[in-house]
Amino acid sequence: MANPFDFSSGAVLTAAQLNQIGDYESWTPTLTNITLGSGTVNAHYAQVNEFVHFEIEFLSASDTSFSSTSMQFSMPVNYGGALNFVGLGNGWVRPDGTGTIYPIQVIGVQSSNNIVPYYMQNFTSVQVISVRESLPETWIKSNGVLYMAGSYRAA
Amino acid sequence: MTVTSTWQVEFLDASTTTDLTSNVLGFSIHQNVQIGRFATFGGYMHLDNTGNIFTPSGGGTYQAFTWFNKIVRMTCDINDGSTTSTADVAYMVVTDMDFKDDGNYATVMLTLADCYTYAGRDAVTALDVSAAFGELDAVAQDMVNGVPSGVDAVPFPKFGATNATVSAFSKLNNVDPAETATYPIGYTGIIQEFEDGTARDYISHQILPSGPAVAFPTTATYDSSSAKWTLNAAYINRLLTKETVSSTDHYRSYEMTGDKTADKFPLKNVSTQYNTVDTINQAQIQAQIPASGSNATFVNDTDSQDTLGIRSVTYNKVIPVVVGGATDTEKAFIGNFWVKRFPTVHFTAQTATLSMSAIDEQMDSSSRQNYADFLSVQTCLFSHAKITFTATGASSAKTYQSVITGRMIHVSPNDTTITLRLATSDDNQSIKLDNTDIGLLDTNRLG
């Protein structure tokens with residue numbers, strides 16, 4: 001059940017409403033630097049007061065196009081914490097659909113309320129960089145996969 | 001400060017309002033509501049016919065009065081000295097007239113019934129077997145109005161209007177979450193076939209038991225632009241507690257006390273009960289269209305049965321919509337309403353009697369509207385009542401949280417007495433958040 005609950009003074013409380021607390025529901029994130037085409041995004045979230053947990057499955061298709069800058073997904077509910085960049089969770093990405101699986105960190109951007117996947121890049125020392133058209137490797141558009149899950153504090 | 005209460009008895013048709021208040025010797029009306037059954041109201045009214053004014057062809061003013069084509073409106077004005085609130089107490093029709101004359105004194109006794117009495121007269125025929133209806137209130141309304149085409153509308157009198165009289169059911173609480181499911185259980189009906197019966201039969205035996213839900217007649221209104229009467233009815237879904245619907249708060253609570261207290265309703269007497277009349281620990285439910293091989297579904301509370309014996313309700317043709325027919329799951333949803341809510345015995349107020357002359361003394365401008373609401377049929381029935389009194393010999397007062405499930409109003413020139421039929425709100429309301437009377441965890445029911 002979406003927040004805020006239907007629990008306002010004078011409302012009649014039902015068992016069904018109580019049983020729905022924390023139930024997951026779908027949302028359609030706004031994509032930045034991705035043109036989805038016939039690709040699919042399955043996104044679900046649950047919210048209990050200020051606590052939000054989300055899951056995003058991104059599957060590219062042959063007509064999906066990417067950008068040379070960070071791919072981003074809008075949050076289901078705006079971030080309410082004080083951190084400019086907040087760690088939300090993790091996941092994995094497999095840009096060519098069958099090859100290497102890269103673990104990712106999922107970061108929330110306070111200013112845009114967007115979810116951004118980062119992966120560990122190995123140069124002279126480990127650094128993180130956001131997932132994009134050519135990173136961590138060039139996306140094979142027909143079957144690229146990105147899974148993310150995380151939680152954060154809602155506004 | 002006190003208020004004054006003044007009754008009006010008017011006979012309405014589309015073009016005229018005839019005020020016969022001064023000819024009324026007295027009247028009694030009873031308005032009782034039951035879960036899962038369309039309420040029927042009745043009453044009697046005595047008119048003074050000493051001047052022979054009402055006798056048909058008697059030469060009097062009302063010798064040709066069309067009694068059976070009128071709506072009898074009984075209202076009560078509550079005035080606090082500057083402002084008047086009018087209560088819509090009852091809208092009835094005349095079903096019988098009895099003239100009595102002992103050679104010295106002549107009276108007319110009218111037998112009254114609620115306006116939906118016509119829905120219980122003629123069998124519904126020619127139903128469109130593929131008709132799909134909405135929620136239960138809409139199913140009931142459509143059944144009366146003959147919607148969709150193929151269903152025969154109830155042939156109400158036109159009461160002097162050009163166009164046919166129609167029915168309108170109004171929700172007094174909000175849609176239960178179960179109603180939002182793809183195939184809501186107990187809230188949407190497809191009546192694919194009927195046995196012989198009247199519209200009222202179907203409402204009482206199939207439609208309302210499928211919630212179960214509460215429905216009762218309220219007022220009648222005439223719209224000159226559409227040139228027709230609308231007979232209004234109130235609908236309360238299985239949550240039972242009235243709520244704010246479309247910015248109108250239908251919930252009311254009336255506080256009644258054994259002692260005279262300002263702004264509260266003084267009790268004349270109270271009857272309390274401790275018996276199994278309202279107890280239900282077994283429900284037998286069968287759908288009109290059950291899933292293949294699905295026999296009647298029994299829901300039992302064996303603990304209650306072991307203590308109190310079996311007390312059951314049976315509904316044979318409920319109309320939950322489920323593709324392929326209703327299974328035990330859907331039928332048990334209806335049966336659980338009864339067995340989960342009513343398996344225990346409560347010591348509770350059964351009836352309370354009040355005198356309007358005594359109420360008048362306790363009310364003032366701040367409670368005027370609440371008093372009028374108490375008298376109005378829609379805002380009184382199935383509302384909360386808090387009954388507080390000190391039993392004879394007891395050291396302290398006791399409060400009973402109740403619901404008004406019916407009332408009998410007896411009006412005479414001297415005074416008006418109102419006898420309320422009560423049930424415990426513990427079972428007959430659902431928990432209302434932050435409400436001090438029916439918002440108690442471990443006491444009030446979740447809907």
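All values below were derived from every heavy atom in this structure, side-chain atoms included, with hydrogens, water molecules and symmetry-related copies excluded. Since the structure is predicted, the reported quantities are computational estimates derived from the model, not experimental observations. Chain identifiers are assigned alphabetically (A, B, ...) following the order of the sequence lines, protein sequences preceding nucleic acid strands; residue numbering begins at 1 within each chain.
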For Leu446(B) against Ala15(A), the heavy-atom pair lying closest together: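 Result for this residue pair: CB-N, 3.9 Å.
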Using 0.5 Å steps for rounding, measure from the OG1 atom of Thr14(A) to the CG atom of Asn174(B). 11.0 Å
Rounded to the nearest 0.5 Å, the CG atom of Leu239(B) sits from the CG atom of Leu13(A) at a distance of 10.0 Å
State whether the side chain of Lys432(B) and the backbone N or O of Val12(A) hold a donor-acceptor pair below 3.5 Å, judged by distance alone. no
